Structures are given as C-alpha cells and as structure tokens.
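This structure is a prediction, so every number in the text was calculated from the model and none was measured.
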Amino acid sequence: MGQNYEYGTSSSEASNSDSDSSYDSNRESQGTTVEAQVIVTGNMSLDVADPAEALAHASTIVTEAGGSVAHSSLKGESDSPWGNATFKIPANSFEETRQKLAELGKVTDQSTDTADAGAEVADLDARITALKASIARLTTLIDQAETTSDLLEAERELTSRQEELDSLKAQRAWYSDQVSYSTLEVSFHSTAITPVPSSSAWEESWQAFSQGIAGLVYGLIMFVPWLIVIIPITLFFVWLYRRRRARRRARGEATPTMSTETEPEAQGDPVAQATNTLVARNM
C-alpha cells in the first residue's frame with residue numbers, strides 16, 4: 001500500500017475531513033448560483049350540482065394534463081353530499097389546469113402558496129457530491145488495505161457513508177417531485193340539493209314506541225330459556241317449604257291431644273303419670 005493509515009480515530013478523522021472539505025468547497029462554489037426550486041400548493045372549494053360527477057370530471061382533467069390523483073373520497077348518501085381530492089399537477093400546467101377545474105362549478109374559496117426550496121436543494125446536492133467523493137476514496141482504501149483491521153474499519157466507514165448518501169438521495173427525490181408536480185386540494189359540495197324534511201313529532205314518537213316494543217319482545221325471547229330452569233327449581237322449593245310447615249303444624253296439634261287423653265289416668269296412677277311426662281318430653 002503506497003500510504004499507510006492507522007484505522008480507528010485517525011482513519012475516521014481523515015475521511016471526515018475529506019468529506020467536509022469537499023462539502024464546503026461545493027457550497028462555496030454554489031453559494032452565489034442557487035437555482036430557484038419553487039414548490040406550489042393550492043386549495044380550492046367548488047359548489048357543484050353533483051359532487052360525484054364533478055369529482056370524476058376533475059380526475060379526468062388532471063389525468064389529461066399529465067397529473068395524477070393522490071387521494072380522493074366521496075360521501076354521497078346524505079342530505080348534503082360532498083367529495084374531496086388531492087391532485088398532483090405538472091408545475092408547468094398548474095394554472096391552466098386549475099382554471100379548467102374552476103369551470104366545473106362555482107368557486108367559493110381558493111388559495112395558493114409558494115415556497116422556494118432552492119437553498120435546501122443546493123445544500124443536498126453539495127452533500128451528495130461530497131459523499132460520493134468520500135465513498136470513492138474509501139473504496140480505494142479498501143482495495144489497498146493490507147491488514148484485516150484496516151479492511152474492516154474502511155468497510156464500516158463505507159457502510160455508514162452509503163447509508164447517509166441513500167438518505168440524502170431520498171430527500172432530494174422528494175424535493176424534485178414537489179417541484180415538478182404542484183399539489184392542489186379540491187373539495188366539492190352542493191347547495192342545490194334540497195334537504196329531506198325532518199320527521200314530525202308523531203312519527204318520531206311512533207318510531208320510539210316501536211323500538212321500545214321491539215326491545216321488550218327481544219328481552220322476553222332472551223329470558224324464556226331461563227324460565228325453563230328457574231320455574232321447576234322455584235316450584236320444588238315451594239313444595240319443600242309447604243311440606244315442612246305441614247309437619248310442624250301436625251306435631252303441634254298432636255301434643256295437646258295426647259296430654260288430654262292421658263291426664264285422667266295419670267291422676268290415679270303414678271307410673272302412668274311418669275310415662276306421660278317422658279312422652280311429653282320426647283315430643
């Protein structure tokens with residue numbers, strides 16, 4: 001290898017300094033010649049007879065102009081249907097296309113915003129150029145590496161720079177798309193459709209009554225299976241309660257009767273009297 005590098009901190013600093021110097025030189029060379037990169041966005045609200053039909057015509061107009069429909073939605077099943085769409089229109093035909101869209105109905109609101117992204121684009125271009133040069137130098141170092149540690153360090157640096165370059169390219173592509181295709185958001189609504197009159201108090205009351213009856217019937221239907229289980233269990237406990245009550249009543253009536261029948265005999269017979277006492281206690 002013609003020139004040896006100690007990888008680690010020294011190698012990173014060398015490649016970083018090379019990248020920064022190339023980046024600064026590119027910025028200085030482009031600092032006074034920044035090209036305008038205008039991004040145009042607009043909004044338009046249209047009062048049309050039929051929002052669905054107007055949305056379809058608008059999509060056709062934009063497509064014929066070389067643009068596309070980025071997003072669209074339509075709500076047609078209501079008293080006041082509406083729709084909206086986001087169109088991507090070529091920047092060189094933005095005004096012409098917008099005028100054609102305005103002819104679909106009555107413009108109730110519109111606005112246009114412009115932003116110059118020339119400085120951001122120039123900055124990205126300079127950083128991309130610097131990274132490409134740094135990647136080229138790291139590729140050379142990898143080809144000339146004499147040790148495994150040198151090779152691994154150079155490959156790590158190369159991977160990091162390549163990821164950064166890919167990210168910058170994605171940002172640059174986004175700016176390019178925004179500059180080449182202006183964005184126009186259009187909403188379609190209709191005030192010509194007569195709203196459906198609201199229901200009368202009688203209709204609303206009858207509807208509430210019908211819903212209540214339906215709910216009651218549904219509740220009964222859901223409760224019937226439980227009745228099949230609850231009723232037999234309830235009847236069993238009622239029968240058991242009545243049976244115990246009848247037994248207690250029978251015992252209460254039997255005790256005074258036996259005492260009355262044995263009382264005359266017990267008065268003259270001590271043995272009978274003792275027996276009656278034991279029987280009464282056992283009862």
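- Ile221 and Ile213 end up in the same hydrophobic cluster when Ile, Leu, Val, Met, Phe, Trp and Tyr side chains are linked at under 4.5 Å.
- Surrounding NZ of Lys88 are more than 12 heavy atoms belonging to other residues, nucleotides or ligands, all under 6.0 Å away.
- Thr108 and Ser45 form a side-chain donor-acceptor contact under 3.5 Å, judged by distance and modelled atom types alone.
- Between the Asp47 side chain and the Thr191 main chain, a donor and an acceptor come within less than 3.5 Å of each other.
- Annotation: side chain of Val107 is in contact with side chain of Gln110 (closest heavy-atom distance under 4.5 Å).
- The shortest distance between side-chain heavy atoms of Val186 and Leu184 falls below 4.5 Å.
- To the nearest 0.5 Å, atoms OG1 (Thr159) and CZ (Arg161) are separated by 11.5 Å.
- Ala145 approaches Asp150 most closely through the heavy-atom pair CB-CB, 4.2 Å.
- Of the possible polar contacts, none joining the Ser93 side chain to the Glu96 backbone as a donor-acceptor pair under 3.5 Å is found.
- Heavy-atom minimum distance, Leu55 versus Ser73: CD2-O, 4.0 Å.
- In summary, the side chains of Thr140 and Asp143 do not present any donor paired with an acceptor at a separation below 3.5 Å, with no hydrogens or angles considered.
- Contact of the Leu158 side chain with the Thr139 side chain is registered, since non-hydrogen atoms from C-beta on lie closer than 4.5 Å.
- The cluster map of Ile, Leu, Val, Met, Phe, Trp and Tyr, joined by side-chain heavy atoms under 4.5 Å apart, puts Val238 and Ile230 in different clusters.
- Residues Leu138 and Ala154 approach most closely at CD2-O, 4.5 Å, considering heavy atoms.
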**Request:** Please step through side chain to side chain contact (heavy atoms under 4.5 Å, CB included) for the pair His71 and Glu185, ending with a clear verdict.
**Result:** CA-CA 9 Å; His71 169 76; Glu185 294 185 3; over 6 Å; no
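- The shortest heavy-atom contact between Ala119 and Val34 is N-CG1, 3.8 Å.
- In terms of heavy-atom proximity, Ala65 sits nearest to Pro90 at O-CG, 3.4 Å.
- Taking the side chain as every heavy atom from C-beta outward, Glu120 and Gln37 never approach each other to under 4.5 Å.
- The structure places CG of Asp50 at 11.5 Å from CG of Leu104, a figure rounded to the nearest 0.5 Å.
- Panel note: side chain Asn43, backbone Ser111; no donor-acceptor pair is recorded below 3.5 Å.
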**Prompt:** Step by step, would you call Tyr175 with Ile39 a side chain to side chain contact (heavy atoms under 4.5 Å, CB included)?
**Reply:** CA-CA 8 Å; Tyr175 276 109; Ile39 298 176; 4.1 Å; yes
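- Val38 has its side chain out of reach of Val179: every pair of non-hydrogen atoms, C-beta onward, lies at least 4.5 Å apart.
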**Asked** Can you check side chain to side chain contact (heavy atoms under 4.5 Å, CB included) on Lys132 and Thr129, steps first, answer last?
**Response** CA-CA 5 Å; Lys132 287 181 177 179; Thr129 301; 5.8 Å; no
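- Contact check for Ile89 versus Tyr181: no side-chain heavy atoms found under the 4.5 Å cut-off.
- Residues Leu168 and Leu131 meet the side-chain proximity criterion, which asks for heavy atoms closer than 4.5 Å.
- Remark: the Thr112 side chain and the Arg98 side chain contain an N/O donor-acceptor pair separated by less than 3.5 Å.
- With values rounded to the nearest 0.5 angstrom, Asp166 atom CG is found 11.5 Å from Gln171 atom CD.
- The CG atom of Leu235 sits 7.0 Å away from the CD1 atom of Ile231 when rounded to the nearest 0.5 Å.
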**Item:** side chain to side chain contact (heavy atoms under 4.5 Å, CB included) between Val69 and Phe87, intermediate numbers included
**Value:** CA-CA 5 Å; Val69 182; Phe87 298 117; 3.7 Å; yes
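- Distance check, rounded to the nearest 0.5 Å: OG of Ser176 to CG of Leu124 gives 11.5 Å.
- Under the 3.5 Å distance criterion, the side-chain polar atoms of His189 are matched with a main-chain donor or acceptor of Leu46.
- Classification of Arg156 and Glu153 as a salt-bridged pair holds, one side-chain N sitting under 4.0 Å from a carboxylate O.
- Using a 4.5 Å heavy-atom cutoff, the side chains of Asp109 and Met44 are not in contact.
- Considering only residues two or more places apart in sequence or on other chains, Lys106 meets the salt bridge (Lys or Arg N to Asp or Glu O under 4.0 Å) condition with none of them.
- The backbone N or O of Ala56 lies less than 3.5 Å from a partner atom in the side chain of Thr60, making a donor-acceptor pair.
- To the nearest 0.5 Å, atoms CD (Gln99) and CD (Glu103) are separated by 7.5 Å.
- Thr97 places no side-chain N or O within 3.5 Å of a backbone atom of Val62 that could act as its donor or acceptor partner.
- For Arg172 against Asp125, the heavy-atom pair with the smallest separation is NE-OD1, 2.7 Å.
- Around the CZ atom of Phe94, the shell of radius 6.0 Å holds more than 12 heavy atoms that belong to other residues, nucleotides or ligands.
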